[in-house]
Chemist: 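Here you go, one structure.
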Amino acid sequence: MTATETKTQYETIIGLEVHVQLATESKAFCADAVQFGSEPNTHTSVISLAHPGTLPRANKRQIEFATRLGLALGCKINERSFFDRKNYFYADLPKGYQITQDRTPICVGGALEINFIDPKTQKPTTKIIKIHHIHMEEDAGKSIHDQDPSVSFIDLNRAGTPLLEIVTMPDLRSGEEVDAFMTGMRHLVRWVGVSDGNMEEGSMRCDVNISIRPEGSTEFMTRCEVKNVNSMRFARQAIKYEATRQQSIVEKGGQVEQNTLNFDPTTGRTTPLRSKENAHDYRYFPDPDLPPVVITPSFLEKIKSEMPLLPKEARQILMEQYGLPEYDTNFLTEEIAVFNYAQSFLSQVAPTQYKAVSNLIINKILPAANELKIELTDFPLTISQLSDFLNLIETGKVSNSAAYQNLFPALLDTPSVSATEMAEKLNLFQNSDTDFLEKIVQEVIEKNPQKVAEYRKGKKGLLGFFMGEVMKASKGKAEPKTTNALVLKALES
Ligand code: MN
């Protein structure tokens, strides 16, 4: 046997703890505003500053959002869950403990389906990543060390911001899968409206638990946890680095130590932050200041009734009911607002126009809405105006190019006018009047004797040139079918 045949192959085992900042207006246990980028320490009160004698009160929206995300992921929603104290000392944690949920979190179980290109086979792959549980907790403040080397600052605006922590089972095997999970989770939290999912602003960040084991083994080996990874690129780099580091330790006969690690984006390496850390180090106990969280059947029913269609169902509708291709479906289901708009538009037109509606939304309506910085619900052109617009193209009254290049922008400028009226005003109706077209064809033939001679010698590809010239001369109004016949007749005579 050669050395390569005996070499043990390792697989990487990855579990995630994803923190999602909720899009509530106020904090988890008091009325301070939740706002990114404000002046430091302007959203603080006696509760977020942990003055003695103050009492927290749970934000109902946080509980609603946790329930909504739990339902979207197929979790079981616990009827009763509890807030606990997780004790540790840190300068940006004034209370000396974090309010979180330990033994009985609000959601348990559930799963997220991910889609990715398998790095081994290079094939599109679908995989189910199981969720262990989701718990509610609060964020800490921020320590700022990089403004003045001799001083550290504390900004407590973020202290007490509501978070959901989604803890996965160790089902992930590569950076690609982690990337797909985070992308899918970001899409879902935005879709159900519980968070903006903005990783750059820290609304979504993940701790990555990484261990390795010989391929084929079912045991788990000691894991390391890389803290607060806030970009997918860093997550992939950290996983690659850790897998290689742990493998070289094991291959030398050593043992991986259970450490909490920091990832340094500038070096691409992980460095130990603190050594072995277990749950009992935090001395969790139920928070005596907060009552149990009780999810009544009527509350649960209310949340269920407000749930939008999930992305998977939305995709199914676009592909199966409206026959749209995958590219269009992906595009139209990136944001729930776009899907809602597309669905409402599609339901109001004839089946022959489904694809045209999709093209119109993707190529014209979305770019225009972006440029105008407006929501689709405020789009200046109504669906009936837009249907009229599409009818003009479908019936051949206005050419595709004239409709898109001239009619659409004009309608946007003057949304009070119907598409037909505007086409008339701009004189865009196509002309299939043979007398009008024959005159133009004749002019084009006379202007290009050289090309006519070439065509007649057998260069049939020049037909396109003549068509183009006639189109130009008619200002795009020549009806293509009739024109084609007339051009052919003139050239062949
Ligand atoms: Mn946490």
Side-chain angles (χ1 to χ4, degrees), residues 14-24 27-29 34 48 50 56 58-59 62-63 65-66 69-70 73 75 78 81-108 110 112 131-143 156 158-170 172 178 181-182 185-186 189 194-195 197-199 201-210 223-230 235 238 258-263 273-274 276-287 290 293:
I14 306 160
L16 298 176
E17 292 163 28
V18 181
H19 286 92
V20 175
Q21 187 182 313
L22 295 178
T24 55
K27 290 185 180 176
F29 302 104
V34 172
S48 38
N59 182 340
Q62 176 180 22
I63 299 165
F65 283 1
L69 185 64
L73 288 163
C75 305
N78 272 328
S81 66
F82 300 89
F83 284 115
D84 298 279
R85 290 185 180 182
K86 179 179 180 180
N87 298 280
Y88 65 97
F89 173 79
Y90 209 76
D92 55 24
L93 185 77
K95 292 196 297 293
Y97 62 85
Q98 176 193 31
I99 304 177
T100 181
Q101 296 194 292
D102 178 31
R103 292 218 192 137
T104 317
I106 185 158
C107 309
V108 287
L112 180 70
I131 309 283
H132 183 270
H133 75 268
I134 303 175
H135 65 255
M136 299 184 282
E137 59 183 30
E138 57 174 345
D139 211 344
K142 253 184 209 162
S143 302
L156 292 171
R158 202 179 64 180
T161 294
L163 301 176
L164 292 183
E165 182 173 334
I166 303 146
V167 180
T168 76
M169 299 295 269
L172 301 130
V178 170
F181 183 89
M182 291 299 282
M185 189 57 79
R186 178 177 185 276
V189 298
V194 302
S195 172
N198 190 331
M199 285 190 91
E201 291 180 0
S203 304
M204 236 181 114
R205 30 189 213 272
C206 70
D207 302 338
V208 191
N209 288 290
I210 307 164
R223 64 182 166 82
C224 283
E225 178 179 1
V226 187
K227 276 282 181 201
N228 286 328
V229 183
N230 64 358
Q258 185 180 332
N259 272 332
T260 301
L261 309 168
N262 214 354
F263 176 72
L273 200 64
R274 40 187 187 263
K276 183 167 173 152
E277 173 180 85
N278 277 316
H280 61 248
D281 297 332
Y282 289 115
R283 298 173 53 87
Y284 281 100
F285 65 88
D287 192 314
L290 286 157
V293 178

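By convention here, the first residue in the shown sequence is residue 1. Just so you know, these numbers use all the heavy atoms, side chains as well, and skip hydrogens, waters and symmetry mates. Both ligands and their constituent atoms are indexed starting at 1 by order of listing.
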Chemist: So, of the N/O/S atoms that Glu137 has, which is the nearest one to the Mn ion (ligand 1)?
Modeler: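 Within Glu137, restricted to N, O or S, the Mn ion (ligand 1) is closest to atom OE2.
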Chemist: Using side-chain heavy atoms (C-beta onward) and a distance below 4.5 Å, is Met182 in contact with Met199?
Modeler: yes
Chemist: Report the atom name of the nearest N/O/S atom of His19 relative to the Mn ion (ligand 1).
Modeler: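 In His19, the N, O or S atom with the shortest distance to the Mn ion (ligand 1) is NE2.
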Chemist: Tell me the closest heavy-atom pair linking Arg158 and Gly141, and the distance in Å.
Modeler: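 Taking every non-hydrogen atom into account, NH2-O, 3.1 Å.
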Chemist: Considering only heavy atoms from C-beta outward, does the side chain of Met185 approach that of Leu16 to under 4.5 Å?
Modeler: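 No. Closest side-chain heavy atoms not under 4.5 Å.
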Chemist: Out of the N/O/S atoms in Glu165, what is the name of the one closest to the Mn ion (ligand 1)?
Modeler: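 It is OE1, the N, O or S atom of Glu165 closest to the Mn ion (ligand 1).
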Chemist: I'd like to check Gln101 versus Glu137 (side-chain heavy atoms, cut-off strictly below 4.5 Å). Are they in contact?
Modeler: no
